[in-house]
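Beneath this line is the structure, given in structure tokens, with notes to follow.
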Amino acid sequence: MALTNVYTGANGTLTLAFEDTPEGQDAKSVIDLYQVTTVGRVANVEVCIQTDLEEFHEIGRRHATSLHPGNIHISGRVGRAYVNGALLFLLMGRGGAPTQIAEPYVQPVFSMRIALNDPAVPGNTVSLELKGVKFQNWAYAMPEDDFVMENLSFKALNISVVDQEAPEGGGDAVAMVPEGFAGTEQA
């Protein structure tokens with residue numbers, strides 16, 4: 001059965017994890033120091049996937065006769081109402097330290113999981129897992145009569161859908177994968 005629940009942002013969590021690379025080790029040190037595994041107080045989380053589809057037009061035809069897949073671009077934005085140095089360090093890496101260090105230094109890379117959970121159906125989760133995530137831009141807004149917010153944009157190398165549904169009568173949730181996709185890597 002398809003997961004057809006309606007969710008709000010209150011049902012969501014944003015979780016960060018490090019990757020086993022030199023860039024991931026720098027991210028791990030920031031994640032461990034600030035304890036930001038589950039990033040709290042986030043708002044306006046957006047994920048955008050853009051594919052470069054190439055149209056083929058035959059001479060004498062007004063409509064394209066075929067579409068060819070091109071590059072895939074994964075990007076997004078996160079707004080955060082709690083401000084500390086964690087997300088800025090995840091953008092700048094060692095370049096965000098109070099004392100300058102000699103370049104080159106790596107930009108931290110990490111994984112991001114955006115999960116939606118419905119308390120009425122606790123075994124079901126709808127989530128996206130982004131890997132190879134790097135923050136691209138960071139902005140800080142301090143309005144006079146509103147909440148102080150951090151805003152970040154990011155890019156990622158790949159994305160996976162990790163929808164899980166609990167079987168009728170209970171038991172462990174099972175990942176939902178379309179038939180024919182069974183050979184694909186699961187997170």
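The structure presented is a predicted model; accordingly, all values stated were derived computationally and were not measured.
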TODO: Measure from the side-chain N and O atoms of Glu150 to the backbone N and O of Ala139, and report whether any donor-acceptor pair falls under 3.5 Å.
DONE: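 A pair under 3.5 Å: no.
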With distance as the sole test, does Thr65 use its side chain to make a donor-acceptor pair with the main-chain N or O of Phe56 at under 3.5 Å? yes
Kindly indicate whether the side chain of [X], heavy atoms from C-beta on, has any atom under 4.5 Å from the side chain of [Y].
X: Val78; Y: Leu14; answer: yes
X: Ile159; Y: Ile49; answer: yes
X: Leu116; Y: Thr125; answer: no
X: Leu87; Y: Val30; answer: no

Minimum heavy-atom distance [X]-[Y], with the two atoms named:
X: Pro108; Y: Met92; result: CD-C, 4.4 Å
X: Leu90; Y: Gln107; result: O-CG, 4.5 Å
X: Ala27; Y: Val109; result: CB-O, 3.3 Å
X: Asn117; Y: Asn124; result: OD1-O, 4.0 Å

**OP:** Could you walk me through whether Ile74 and Leu157 pass side-chain contact (heavy atoms from CB on, under 4.5 Å), step by step?
**Re:** CA-CA 7 Å; Ile74 304 167; Leu157 292 178; over 6 Å; no
Inset, instruction - Would you sort out whether Val162 and Leu128 count as a side-chain contact (heavy atoms from CB on, under 4.5 Å), showing the intermediate values? - result: CA-CA 6 Å; Val162 190; Leu128 298 173; over 6 Å; no
Could you tell me whether Arg113 and Glu129 have a side-chain N and a carboxylate O separated by less than 4.0 Å?
yes
- For His68 and Ser66, test the side chains for any donor-to-acceptor distance below 3.5 angstrom and give the result as yes or no.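 The criterion, which ignores hydrogens and geometry beyond distance, is satisfied for Ser66 and His68.
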With Glu23 as partner, the option from Lys134, Arg94, Lys28 fulfilling salt bridge (charged side-chain N to carboxylate O under 4.0 Å, His left out) is Lys134
Notebook entry, point to check: Does the ring centre of Phe154 sit less than 6.0 Å away from the ring centre of Phe110?
Noted result: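 Ring centres of Phe154 and Phe110 not closer than 6.0 Å.
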